[in-house]
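Here's the structure, in structure tokens; my notes come after.
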Amino acid sequence: MKIEIAKTAGFCFGVRRAVDTVRDQCGKGNRVFTYGPVVHNENVVNELKGLGAEVISDEEGLSVLKPGDRVVIRAHGVPEKLIRKIRATGAEVVDATCPFVSRIHEIVMEESGAGREVLVAGRKEHPEVTGIVGWCPGRCTVIADREEALEYMALNPENKSFPRTIVAQTTYNYEKFQDLVELFEKRGYNVKAVNTICGATRERQTEAGSLAERVQAMIVIGGRNSSNSARLYEICRDRCERTFFINSASELDPAALRGAEHIGITAGASTPKQIIEEVTGNVRRTDI
Ligand code: F3S
């Protein structure tokens, strides 16, 4: 039996870096907190808790902070005012914002500071988007899709020549971003587009798709409520009928793999390496 693990399976660069930062901070003698769970995976959050890292879920939770505490900012980033609020408690900010996200903060700060309106293609409720909006000193509007773009235009019919800059949430779909930009241009709006989409999600999906085409059974590991894992499953399921979506190694039914000589494995962005290894080990044992 041949087992092929996708190179892009599991944590992306930014998430890995944030998790490593929390691990590094633990055991240095200071109390360590993360603002929000550093990754949407209970095993990892619990492991970090075991090392001493507590999660602060919202601004009210900042009241527990004391001088000398360390607060790690996760890969999604946070609004600038939140960093100021943390510092005001005397705690130290350890910034693990993904550099690709920090770049968006810099762009919107600069563009907004130069008097342009900023448009963000993304989901309003996503923490990364809340963070981006929070780095704009001026007017900033979040647009989820074409429908919301049309609504925005209906509310701003005149004033098309006002300079606007459009950026995207890092995980936004590239084609959808292009469509939005084109829509604004075709309607005569003065927009400058900066593509801030990160390639990690797309690469993971492309690799999963091509792997699923080559194998006889495909395993996708990811959290039940992880949308990027569900999307990976859909992509693989379209190309390989025997695709299984599991959350942990114990969910894998060895009988389901019977007869498959080539098996592919991929995992969503919040799946730690250790779970991928466990699943791979179990698959190998089914071959004995
Ligand atoms: Fe990951 Fe950073 Fe891209 S967190 S998805 S590498 S923007």
Side-chain angles (χ1 to χ4, degrees), residues 6-25 34-41 44-45 48 53 55 71-80 82-83 93-110 118 120-136 142 144 165-178 193-209 220-223 225-235 266-276:
K7 288 187 200 72
T8 50
F11 291 176
C12 61
F13 150 80
V15 169
R16 193 177 314 120
R17 182 173 168 272
V19 172
D20 288 347
T21 304
V22 179
R23 278 206 190 100
D24 279 359
Q25 289 298 324
T34 64
Y35 193 79
V38 77
V39 56
H40 288 290
N41 181 287
V44 180
V45 173
L48 296 172
V55 178
V71 183
V72 180
I73 305 298
R74 60 184 172 174
H76 291 321
V78 292
E80 195 206 357
L82 196 94
I83 296 199
V93 170
V94 182
D95 191 6
T97 305
C98 176
F100 300 133
V101 177
S102 301
R103 178 182 161 244
I104 308 181
H105 296 171
E106 278 159 27
I107 293 169
V108 298
M109 234 190 338
E110 205 169 295
V118 172
V120 184
R123 279 174 33 223
K124 264 185 209 74
E125 65 285 1
H126 194 284
E128 181 194 320
V129 174
T130 317
I132 295 170
V133 174
W135 283 86
C136 281
V142 181
T165 300
I166 180 163
V167 296
Q169 185 180 340
T170 53
T171 47
Y172 202 78
N173 177 289
Y174 180 69
E175 280 79 28
K176 268 175 73 184
F177 181 64
Q178 292 280 85
V194 188
N195 177 5
T196 50
I197 296 169
C198 160
T201 309
R202 180 176 252 238
E203 268 170 45
R204 189 200 320 271
Q205 291 175 352
T206 311
E207 193 193 11
V220 178
I221 317 165
N225 41 24
S226 147
S227 53
N228 82 85
S229 305
R231 179 81 191 108
L232 274 185
Y233 173 68
E234 273 169 28
I235 292 170
T266 189
S270 46
T271 308
K273 207 165 131 207
Q274 175 206 340
I275 296 183
I276 304 174

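Atoms within each ligand, like the ligands themselves, are counted from 1 in listed order. All heavy atoms count here, side chains included; hydrogens, waters and symmetry mates do not. Just so it is clear, the model here is predicted, and its values are computed rather than measured.
Side-chain N or O atoms of R74 include none that pairs as donor or acceptor with a backbone N or O of A18 at under 3.5 Å.
A side-chain donor-acceptor contact under 3.5 Å links T8 and E207.
For D20, the salt bridge (charged side-chain N to carboxylate O under 4.0 Å, His left out) partners two or more places apart in sequence, or in a different chain, are R23. Evaluation of the ring-ring contact (aromatic ring centres under 6.0 Å, His included) rule for Y233 yields F245 as partners, not counting sequence neighbours. Among residues two or more places apart in sequence or in another chain, the ring-ring contact (aromatic ring centres under 6.0 Å, His included) test is passed with H40 by none.
For atom 2 (Fe) of ligand 1, protein N/O/S neighbours under 2.8 Å (waters excluded) are C98 SG.
Between T171 and N228, every side-chain heavy-atom pair lies at or beyond the 4.5 Å cut-off.
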